[in-house]
Amino acid sequence: MKQKDIFGMAMKAFYFDKDETPITVHSPDFDDDEIAIEYLFRNYAEMPKTEQKALKLAYGKVLDVGCGAGSHTLYLQKKEIDVKAIDTSEGAIAIAKERGVKNANVQDFYAENGCYDTLLFLMNGTGIIGNLINTDNFLNICKEVLKPGGQILIDSSDLSFLEDDEEPNNDFDRNYIGEIDFKISYKEEQSEYFPWLYLDFDMLKLAAEKNNFNCELILEGDHFDYLAKLTLKK
């Protein structure tokens, strides 16, 4: 069943009508949280340092995955970088185009068939993996669309600080704290639950090396977040 385009609805209302109603995030594991819509329209100076660093490192032909309202793509365009923006939200792509994104498409990353120097996965980029079991498939798709010598720039957060156990859970065969089920709501509309993955750096590196990638920690943020770069081993 196709998910309701909650993000698209909220972005359109904010962009056209100045409606600042937030998106509410629900999970059986956490208290409800809110996403301020204006945050999705931030400029470079308002971005966290992990995102700023990723944009500085992007080069060549770039694929901005889960582009949202197009904030990252717009920055790269100003730097005259060739960038394609994709998102599964029709509303998000419509707003990205309204804001000036030149090459934006409603598309799932797993259907991508282009070839890129930089794959950009930001705002918890590991989220689209969904579950740990899907990590190999995700990295295999990345291999197919990366040019020789290309790079993956991806960010995420380490949620192990939420665990009560003294020993971190870093075993692929156990329940992993970074596997979260979410649903989102906006005004009277709400989505179905969907899986979202927060992958700590050690787990990302383990998966990367298993799939013949080098994995480098580029930068750590202020809230257990980090930016990593993956490149295929020669």
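Residues: numbered from 1 along the sequence shown.
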Path from [X] to [Y] over hydrophobic side-chain contacts below 4.5 Å:
| X | Y | value |
| --- | --- | --- |
| Ile129 | Leu159 | yes |
| Val25 | Tyr198 | yes |
| Val65 | Leu232 | yes |
| Leu120 | Ile218 | yes |
| Ile23 | Phe16 | yes |

Next item on the list: Classify the ring geometry between Tyr226 and Phe201 as parallel (under 30°), tilted (30 to 60°) or perpendicular (over 60°).
Entry: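 The rings of Tyr226 and Phe201 stand perpendicular, inter-plane angle above 60°.
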Margin query: Just checking Glu220: does its CD atom have more than 12 heavy atoms from other residues, nucleotides or ligands closer to it than 6.0 angstrom?
Written below: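 Count not over threshold, so no.
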Checklist line | Lys233, NZ: over 12 other non-hydrogen atoms inside 6.0 angstrom | finding: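 Enclosed.
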Margin query: Using the side chain to side chain contact (heavy atoms under 4.5 Å, CB included) definition, which of the options Asp117, Asp82, Thr118, Leu55 pairs with Val62?
Written below: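 Only one option passes, and that is Thr118.
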Margin query: Among Asp200, Asp225, Thr50, Thr126, exactly one meets side chain to side chain contact (heavy atoms under 4.5 Å, CB included) together with Ser157. Which residue is that?
Written below: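 Running side chain to side chain contact (heavy atoms under 4.5 Å, CB included) over Asp200, Asp225, Thr50, Thr126 with Ser157 returns exactly one hit, Asp225.
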Check: Can you find a pair of side-chain heavy atoms, one from Glu98 and one from Met11, that are under 4.5 Å apart?
Finding: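 The answer is no; the side chains never approach within 4.5 Å.
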Check: Tell me, do Leu199 and Tyr176 make a side-chain contact under 4.5 Å, heavy atoms counted?
Finding: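 Yes; the side chains approach each other to less than 4.5 Å.
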Of all the heavy-atom pairs spanning [X] and [Y], show the shortest one and how long it is.
| X | Y | answer |
| --- | --- | --- |
| Arg99 | Phe41 | NH2-O, 3.5 Å |
| Ile81 | Ala58 | CD1-O, 3.7 Å |
| Glu46 | Tyr39 | O-CE1, 4.5 Å |

Going by atom types alone, do [X] and [Y] pair a side-chain donor with an acceptor below 3.5 Å?
| X | Y | result |
| --- | --- | --- |
| Tyr59 | Lys79 | no |
| Asp158 | Ser160 | yes |
| Ser89 | Asp5 | yes |

Next item on the list: Assess the pair Phe121 and Phe138: is the distance between their ring centroids shorter than 6.0 Å?
Entry: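 Yes: the rings meet the under 6.0 Å criterion.
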